[in-house]
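In what follows, a structure is listed as structure tokens, so that the remarks can point back to it.
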Amino acid sequence: MIRFSTMTTKLITVFGSTGNQGGSVVRAILGHPELSKTWKIRGITRNPKKPDAQAMIAQGVEMVQADLNSRESIFEAIKGSNAVFGVTNYWEKGTLEHEVMQGKNLADASKQAGIEHLIWSSLPYVSKITDGKLPNLHHFDSKAMVEQYITSLSLPASFVLPAYFMSNIPSSIRPSGSHYSLSWLFRPTTQIPMLDVPTDFGKFVASCLAKPSETLGKHTLAASGWFTPLDVCRAVENCTGSKCEYHEVPIEDYQGSKELFDNLMMIREYEYYGPGAQDGVKKSHELVNGIGGWEGFGTFERFLKEIGI
Ligand SMILES: NC(=O)c1ccc[n+]([C@@H]2O[C@H](COP(=O)([O-])OP(=O)(O)OC[C@H]3O[C@@H](n4cnc5c(N)ncnc54)[C@H](OP(=O)(O)O)[C@@H]3O)[C@@H](O)[C@H]2O)c1
């Protein structure tokens with residue numbers, strides 16, 4: 001495990017601490033033998049009275065109220081922090097413009113507050129990577145636009161890109177008689193970078209905190225591992241003892257939204273992250289393993305057991 005030379009206490013402010021990604025960041029820092037001593041945590045919520053915020057306080061996290069829609073409230077909340085973790089929830093409004101506005105508020109406030117290290121939950125710039133072939137993946141493009149804005153401000157920043165959440169998948173696994181079936185637009189052997197968010201996401205962010213020299217200005221690809229649809233079926237079989245059959249849905253039969261279609265196509269044809277995905281995930285694992293101090297990465301089987309399929 002890496003040895004930390006100084007033990008001066010620093011402060012990180014974590015947005016989304018009552019949610020998936022931010023909650024995972026808090027747990028990864030608190031659960032690390034050395035980072036938990038080096039870093040104090042301030043969590044942000046719009047409502048410090050809510051149970052999730054109170055649970056954070058019970059773990060020793062200082063909870064402060066702020067709203068990403070207000071640059072001034074962000075500035076007041078992050079003042080005095082060395083580092084900030086930023087995440088936005090696209091789905092609250094569901095528009096690219098709104099998410100970009102929130103991200104820019106965070107960037108401007110971080111610049112104003114002289115933040116030494118901003119860690120932004122980003123995603124690939126899909127419309128650019130695909131030369132306009134997938135133009136509807138707004139919740140990816142919006143985060144990449146914020147990343148570009150952060151870079152244009154010359155803010156010292158690391159970009160952590162969460163993989164496809166494992167929690168997206170159980171709703172597609174359906175009981176079918178005494179068996180299970182999984183139907184997707186992917187080929188049976190499509191490699192999907194998947195993330196067990198609560199267990200693993202925070203390890204990547206905390207590793208950026210521990211080794212900024214390796215992550216500043218770069219992409220850290222936060223994936224627990226690569227899993228194919230056949231791997232997912234095998235995990236279901238191991239957990240339930242029942243057979244799980246995979247059905248590849250023909251592209252022409254797809255009936256969902258354009259945004260979801262482009263999301264699935266980004267996975268099917270571009271390995272989700274685009275060029276360099278396999279190597280990028282490998283390097284990010286090396287980063288986390290080099291820091292040490294956490295258990296290994298989650299598997300889909302472990303995820304299924306935890307949610308109790
Ligand atoms: N599903 C996937 O496969 C996938 C993959 C990569 C990225 N993503 C991205 O993940 C993001 C969602 O992250 P998540 O799952 O961690 O979200 P989440 O669990 O729904 O939590 C959202 C968090 O954001 C905070 N928040 C929301 N609006 C806020 C505001 N106006 N001001 C301050 N805080 C605010 C909430 O805090 P309070 O409610 O306490 O204020 C909460 O802590 C989305 O943007 C999505 O695009 C998803």
Side-chain angles (χ1 to χ4, degrees), residues 13-28 41-57 61 63-78 84-96 98-106 109 119-126 136-147 159-172 184 192-202 204-205 219-224 227 257 259-260 262-264 266-267 272-273 300 303:
T13 295
V14 177
F15 281 79
S17 56
T18 57
N20 266 320
Q21 294 186 43
S24 182
V25 171
V26 171
R27 279 191 298 281
I41 307 174
R42 178 182 292 166
I44 300 296
T45 175
R46 287 163 296 178
N47 176 11
K49 293 205 176 105
K50 70 194 270 189
D52 287 339
Q54 291 295 314
M56 285 285 150
I57 292 170
V61 176
M63 290 303 287
V64 169
Q65 198 266 335
D67 192 324
L68 284 162
N69 295 319
S70 154
R71 182 165 64 94
E72 195 49 39
S73 90
I74 300 171
F75 174 71
E76 287 302 323
I78 66 177
V84 169
F85 166 72
V87 59
T88 41
N89 185 5
Y90 173 87
W91 300 107
E92 281 214 356
K93 274 273 196 291
T95 71
L96 177 142
H98 190 77
E99 190 169 43
V100 170
M101 177 273 290
Q102 291 191 334
K104 284 186 169 178
N105 280 345
L106 180 70
I119 305 173
W120 170 242
S121 178
S122 195
L123 280 174
Y125 208 148
V126 170
N136 304 303
L137 201 34
H138 302 307
H139 68 287
F140 279 52
D141 283 355
S142 51
K143 294 178 181 75
M145 285 174 187
V146 173
E147 174 181 326
F159 305 105
V160 180
L161 283 62
Y164 196 58
F165 292 3
M166 289 185 185
S167 53
N168 296 334
I169 295 160
S171 61
S172 306
W184 253 343
I192 309 166
M194 289 189 196
L195 175 64
D196 183 342
V197 186
T199 309
D200 287 340
F201 179 72
F204 295 94
V205 173
H219 283 174
T220 296
L221 306 186
S224 303
F227 303 92
S257 72
E259 179 142 15
L260 181 58
D262 281 7
N263 199 344
L264 298 172
M266 190 62 197
I267 295 170
Y272 182 90
Y273 286 122
F300 196 75
F303 166 77

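Counting convention: from 1, in listed order, for ligands and their atoms alike.
Formation of a donor-acceptor pair under 3.5 Å by the Tyr273 side chain with backbone atoms of Pro193 is not found in this model. Gln65 places no side-chain N or O within donor-acceptor distance of the main-chain N or O of Asn47, the cut-off being under 3.5 Å. Remark: the backbone N or O of Val126 is paired with a side-chain donor or acceptor of Asp141 at under 3.5 angstrom.
When the options Met166, Lys50, His139, Gln21 are ranked by their closest heavy atom to atom 9 (C) of ligand 1, first place goes to Gln21. For atom 24 (O) of ligand 1, the choice among Ala222, Ser167, Gly16 with the nearest heavy atom turns out to be Gly16. Residue nearest to atom 46 (C) of ligand 1, selected from Lys143, Gln102, Glu92, Glu99: Lys143 (by heavy-atom distance).
In this structure, Thr88 has a heavy atom closer than 4.0 Å to ligand 1. In this structure, Ser24 does not count as a contact residue of ligand 1, since none of its heavy atoms falls inside 4.0 Å of the ligand.
With a 4.5 Å cut-off on side-chain heavy atoms, Thr95 and His138 do not count as touching. No side-chain heavy atom of Phe85 sits under 4.5 Å from any side-chain heavy atom of Val160. Using a 4.5 Å heavy-atom cutoff, the side chains of Phe303 and Ser167 are in contact.
Between the side chains of Ser121 and Gln21, at least one donor N or O lies within less than 3.5 Å of an accepting N or O.
With respect to the salt-bridge test (charged N to carboxylate O, under 4.0 angstrom), the residues Glu99 and Lys93 do not qualify.
Residue-to-ligand polar distances keep Leu123 apart from ligand 1: every N/O pair is separated by 3.5 Å or more. Any N or O atom pair closer than 3.5 Å counts here, and Phe165 shares at least one such pair with ligand 1. Ligand 1 has a nitrogen or oxygen under 3.5 angstrom from a nitrogen or oxygen of Arg46. Not a single N or O atom of Phe15, backbone or side chain, sits closer than 3.5 Å to an N or O atom of ligand 1.
With a 4.0 Å cut-off on non-hydrogen atoms, Asp52 does not touch ligand 1 at all. At a 4.0 Å heavy-atom cut-off, ligand 1 does not touch Ser121 at all. For Tyr272, every heavy-atom contact with ligand 1 shorter than 4.0 Å involves the side chain, none the backbone.
In the vicinity of Thr45, heavy-atom distances shorter than 4.0 Å reach the ligand 1 atoms 38 (P), 40 (O), 41 (O). Contact atoms of ligand 1 toward Ala163: 5 (C), 6 (C) (distance under 4.0 Å to a heavy atom of the residue).
The protein non-hydrogen atom at the shortest distance from atom 15 (O) of ligand 1 is Asn20 ND2, 3.0 Å. Considering only non-hydrogen protein atoms, atom 42 (C) of ligand 1 sits nearest to Thr18 OG1, 3.5 Å. The nearest protein atom to atom 3 (O) of ligand 1, hydrogens excluded, is given as Asn168 ND2, 2.7 Å; this is a heavy-atom distance.
You'll find the ring centres of Phe140 and Tyr272 inside the 6.0 Å limit.
By the 30° and 60° cut-offs, the orientation of the rings of Tyr90 relative to His139 is tilted.
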